[in-house]
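Heads up: the structure comes next, in structure tokens.
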There are 2 protein chains.
Amino acid sequence: MSTNVRRAPAKKALPHPDLREIPVYLVLRALGEPLRLGIVRSLARAGRPMNCSSFGLSVSKSTSTYHFRVLRESGVISQFEEGTSRYSELRETELEQRFPGLLTAILAAEESAAAE
Amino acid sequence: MSTNVRRAPAKKALPHPDLREIPVYLVLRALGEPLRLGIVRSLARAGRPMNCSSFGLSVSKSTSTYHFRVLRESGVISQFEEGTSRYSELRETELEQRFPGLLTAILAAEESAAAE
DNA sequence: GCAATGGTACGATGAATCTCGTAGTACGAG
DNA sequence: CTCGTACTACGAGATTCATCGTACCATTGC
């Protein structure tokens, strides 16, 4: 942070699937797991890319890498690298276009299920 | 069908979970499988209880029993016995109340994914 | 009663999933 | 260059899932 001069972002992209080729059951399967649903909920709440390590997941690093990959390969999140860390972001707009109302309904449901 | 006199319905009920105790990820997991999603889609299209054997599933009897049980235990369908066969029905109203918009979004998505 | 129909329950088996540890890579600070 | 940070990839183990065959139980019809 020594300067505010434009720096090279170094945002390396990772392979992401085309949402049009993702059947809905793959998205449902990806979200049908508490840890992954929690990740998605955090991302939706944040509304911006999040560092993988800022989720406070109570599993090992390799396990969380695995879950992030499942989410990415089912088209739910996108990831890019910046410097030494990897950021994840909800593919909210694309999901809404491909599966209208789905993410909204799931997130709303999750809120009301927080009691249990 | 010899008479149209009121007959004892013999609708034996099976144990069904209370939707309020079903977390959303269980429903998503149940629907995250092509065969089960197909069953749900058929039920939604029919709009009334369907005989288990009228789905034309291309799996063995025991396998389809298994999938129907998963759907029932995750609160997606209800089943009752009538005579020699068992009928399944979408718990559409209850699902809509518990997870507003979820089923609608999933079924709509499934329609548009029929191309692939 | 006897057989046919339509389904269940109970293993068993192979595949997929989830978890982890270890080893390794890439970047930034010093 | 060396160290620490933030991850990944790979391989292994345990658990769950999907499928099936066989045996079995109700109901209907003869």
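Just so it is clear: chains get the letters A, B, ... in the order the sequence lines come, proteins before strands, and each one is counted from 1.
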Listing request: all salt bridge (Lys or Arg N to Asp or Glu O under 4.0 Å) pairs with a residue in residues 58-80 of chain A, at least two apart in sequence or in separate chains.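 Output for this query is empty, none listed.
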
Could you work out, with side-chain contact (heavy atoms from CB on, under 4.5 Å) as the rule, every residue matching [X], not counting sequence neighbours?
X: B/Thr65; result: none
X: A/Thr84; result: none
X: B/Glu96; result: B/Pro100, B/Thr104
X: B/Ser85; result: B/Asn51, B/Tyr87

So does [Y] get a backbone contact from the side chain of [X], meaning a donor-acceptor N/O pair under 3.5 Å?
X: A/Arg98; Y: A/Ile22; result: yes
X: A/Ser54; Y: A/Met50; result: no
X: A/His16; Y: A/Gln79; result: yes
X: B/Ser42; Y: B/Gly38; result: yes

What is the distance, rounded to the nearest whole Å, between atom [atom1] of [X] and atom [atom2] of [N]?
X: A/Tyr66; N: D/dT16; atom1: OH; atom2: P; result: 14 Å
X: B/Glu73; N: D/dA18; atom1: CD; atom2: P; result: 12 Å
X: A/Lys61; N: D/dC10; atom1: NZ; atom2: P; result: 17 Å
X: A/Phe80; N: D/dT8; atom1: CZ; atom2: P; result: 13 Å
X: A/Leu35; N: C/dT19; atom1: CG; atom2: C1'; result: 11 Å
X: A/Ile39; N: C/dC18; atom1: CD1; atom2: C1'; result: 13 Å
X: B/Leu31; N: D/dC17; atom1: CG; atom2: P; result: 15 Å
X: A/Phe68; N: D/dA6; atom1: CZ; atom2: C1'; result: 12 Å

Report the residues that fulfil salt bridge (Lys or Arg N to Asp or Glu O under 4.0 Å) with A/Arg91, sequence neighbours left out, ordered by chain and then residue number.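 In terms of salt bridge (Lys or Arg N to Asp or Glu O under 4.0 Å), with neighbours along the sequence ignored, A/Arg91 is linked to A/Glu94.
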
With sequence neighbours left out, what residues match A/Arg86 under salt bridge (Lys or Arg N to Asp or Glu O under 4.0 Å)?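 Applying salt bridge (Lys or Arg N to Asp or Glu O under 4.0 Å) to A/Arg86 gives A/Glu81.
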
Protein N or O to nucleotides 9-14 of chain C N or O, pairs below 3.5 Å:
none

Examine D/dT19: is either OP1 or OP2 under 4.0 Å from a nitrogen or oxygen in the side chain of B/His67? Give yes or no. yes

Would one find a side-chain N or O of A/Arg29 under 4.0 angstrom from OP1 or OP2 of C/dA16?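 Indeed not, no polar side-chain atom of A/Arg29 lies that close.
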
My validator wants the stems of DNA chain C: runs of 3 or more consecutive Watson-Crick or G-U pairs, both distances under 3.5 Å, written as range with range. C:1-30 with D:1-30

Could you measure the distance from the OH atom of B/Tyr25 to the CD1 atom of A/Ile106? Nearest 0.5 Å is fine.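 Interatomic distance, B/Tyr25 OH to A/Ile106 CD1, rounded to 0.5 Å: 14.5 Å.
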
Nearest 0.5 Å, please: how far is CG in B/Leu107 from CG in B/Leu37?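 The CG atom of B/Leu107 is 7.5 Å from CG of B/Leu37, to the nearest 0.5 Å.
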
Close residues, residues 51-60 of chain B, relative to DNA chain C [heavy-atom separation under 4.0 Å]: B/Asn51, B/Cys52, B/Ser53

Tabulated below should be each protein N or O lying under 3.5 Å from an N or O of nucleotides 2-5 of chain D; please produce it.
residue, atom, partner, partner atom, Å
D/dT5, O2, A/Thr84, OG1, 3.4

Name all residues meeting the ring pair (Phe, Tyr, Trp, His ring centres under 6.0 Å) criterion together with B/Tyr66; count only those two or more places apart in sequence or in a different chain, and write none if there are none. none

